[in-house]
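Since the structure comes first, as structure tokens, the remarks are kept for the end.
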Amino acid sequence: MSGPRWIPTMLLITAFQLISFAQVIFVEDGINYFAATILAIYLLIEWGWSITSSFVLRKSSPAIEFVAFFLTGIGLAVVATKGTSTLFTQFLAVVIGFALYIALLWMLANVDRVEKFHMPMEIIAIGLLAIGLIFASNRNGAYNWVQIGGFSFQPSEIVKIAFIFVGAATLEKIQTTKHITRYAIFAVICIGLLFLMRDLGTALIFFFTFVVLGFMRSGDVRTILFVILAAGMAAVLVVLIKRNYVMNRFATYRHVWDTPYGNGMQQTRVLTYSVSGGLLGMGIGKGKLRNVFAAVEDLIFGVVAEEWGLLIAFIVALAYIVIFVHSVRNAKGSRSAFYSIASVAAGSLLIFQAALNIFGVTDLLPMTGVTLPFVSRGGSSTISCWGLLAFIKAADNRTWAGRKS
């Protein structure tokens, strides 16, 4: 899909977004001009990047961006029903995330430049998690939100980018015990800090990503031993944390209907309301699930199923598979091992996080409270997802077809 061939796809996405936002813009008490303005700016960003990328920079077709634009647009439409300030905050995060995406593409264009940022990324990652551990406030049992003035953010979300960056940059070299040990220590520190912050869902995502990074580089006995070591240390940290907290988080797994008005309330409501919209949904803002706690954050997949319909919910789930497949395909012919490792790791992280969210709220897996990439409300998560997407895009050799060396 190169040149003008991407235009029909972009037109289809635009039509879908116009239909979606129309339900938010044209309301009973008048016209929501702010939502209309946000939509107009968002469409300008989508089309502006697509045209600039293809015709001016002569990069590969923005296919992977289309998937992200589609998912992000759904998230904005859901958040738009929560109020002007909420929509503004979420849209600001989208703009920052997209700017980070472009900045990372510039950084990743040069492998030598990547190496220069290796050590700073390690320091930033550990520093952010340490700040979170010391200054974060308790939200829903986890100490993962840092408040600065009127803004709050999750350090762990930003560290996801650094975690993959450091892992790919470290393991890209000819593998030695020194390199493996260095990254294993870094990973254990990051995961350990997350456990101390009680952010178990994110810790699980980091551990899974660590396994993928190790497997991508070698898959030999040494890597497996380091993985086992990391898992053992993580298990010790779990024991050190208050045991009752850990048990309570997983006590309702497969037993949500035993306490439909207690610990199982969120998941039972997702299971009930998500199918009530049928194939085409009840309409944006008209669902009942949005009245449940954390509806547009942890439970947003259920909101999409109820208000957009099971058909769109299925397409949303399929989108993460597309991202992952794209990451693997890009890795096969990338310019260096760094791009291959980073691309697959980023794609694996996104699909694993999406699976934790979708299967967690539907009680197929224990609920971990992680967000649905690109869709859930949450500025830090949105910024992180766009940053991770840059690794996948950078691995595609066609991305640099028009770049002068």
Side-chain angles (χ1 to χ4, degrees), residues 121-122 125-126 128-130 132-133 141-144 154-171 179-241 243 245-247 249-250 253 320 324 327 341-360 365-373 380-381 384-385 387-388 391:
M121 281 289 189
E122 285 190 38
I126 296 176
L128 282 174
L129 290 177
L133 180 62
Y143 294 86
N144 55 0
Q154 287 182 279
S156 58
E157 290 291 341
I158 308 303
V159 174
K160 287 177 183 176
I161 300 171
F163 192 78
I164 290 179
F165 188 100
V166 173
T170 303
L171 300 178
H179 291 135
I180 301 175
T181 304
R182 177 177 176 177
Y183 186 61
I185 293 173
F186 171 74
V188 168
I189 292 173
C190 290
I191 296 172
L193 288 171
L194 287 168
F195 270 116
L196 292 176
M197 295 160 64
R198 299 184 180 180
D199 195 349
L200 304 184
T202 304
L204 183 60
I205 292 172
F206 272 55
F207 178 72
F208 174 80
T209 306
F210 170 68
V211 173
V212 172
L213 284 162
F215 178 77
M216 277 293 296
R217 190 54 184 139
S218 70
D220 63 3
V221 177
R222 290 180 302 176
T223 301
I224 296 174
L225 289 176
F226 276 108
V227 169
I228 294 174
L229 172 64
M233 295 187 69
V236 171
L237 287 170
V238 171
V239 174
L240 293 176
I241 299 173
R243 189 170 184 270
Y245 169 76
V246 178
M247 295 304 294
R249 288 297 301 269
F250 298 98
Y253 175 54
Y320 299 108
F324 174 72
S327 71
I341 295 171
S343 177
V344 174
S348 299
L349 188 155
L350 288 170
I351 195 172
F352 183 67
Q353 181 172 328
L356 286 179
N357 178 279
I358 295 171
F359 296 145
L365 288 175
M367 189 170 178
T368 54
V370 298
T371 55
L372 188 62
S380 302
S381 175
S384 172
C385 289
L388 293 171
F391 291 117

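All figures in this text were calculated on a predicted structure; none of them were measured in a lab.
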Task: Nearest-0.5 Å distance that lies between atom SG in C190 and atom CG in L128 - done: 10.0 Å
Task: Shortest non-hydrogen separation from G167 to Y183 and the atoms involved - done: CA-CE1, 3.1 Å
Task: Flag side-chain contact, heavy atom, 4.5 Å: S348 against T209 - done: no
Task: For L194 against S156, the heavy-atom pair lying closest together - done: CD2-CB, 3.6 Å
Task: Heavy-atom pair with the smallest gap, counting every atom of V370 and Q353 - done: CG2-O, 3.8 Å
- [ ] Any chance you could measure I185, atom CD1, to E122, atom CD, to the nearest 0.5 Å?
- [x] 10.0 Å
Open item on the list: Do L200 and T368 make a side-chain contact, defined as non-hydrogen atoms from C-beta onward lying under 4.5 Å apart?
Closed with: no
Open item on the list: Does any part of the side chain of F206, heavy atoms only, come nearer than 4.5 Å to the side chain of V159, both counted from C-beta?
Closed with: yes
Open item on the list: Other residues, nucleotides and ligands only: do more than 12 of their heavy atoms fall within 6.0 Å of CZ on F208?
Closed with: yes
Open item on the list: I need the K160 NZ to I205 CD1 distance, nearest 0.5 Å.
Closed with: 4.5 Å
Open item on the list: Restricting to non-hydrogen atoms, name the atom on G347 and the atom on S327 that form the minimum distance, rounded to 0.1 Å.
Closed with: CA-OG, 3.7 Å
TODO: Could you tell me which non-hydrogen atom of L213 sits nearest to which non-hydrogen atom of A345, and how far apart they are?
DONE: CD2-CB, 3.6 Å
Task: CA sep, side-chain torsions, deciding dist, call: F163, F210, ring-ring contact (aromatic ring centres under 6.0 Å, His included) - done: CA-CA 9 Å; F163 192 78; F210 170 68; 7.1 Å; no
- [ ] Please round to the nearest 0.5 Å and tell me the distance separating atom CG of L356 and atom OG1 of T371.
- [x] 10.5 Å
Task: Minimum heavy-atom distance A162-A125, with the two atoms named - done: CB-CB, 3.8 Å
Task: Rounded distance [0.5 Å steps], CG in N357 versus OG in S381 - done: 9.5 Å
- [ ] State the CG-CZ distance between L388 and F165, to the nearest 0.5 angstrom.
- [x] 13.0 Å
Task: Donor-acceptor pair, side chain of T170 and main chain of V166, under 3.5 angstrom - done: yes
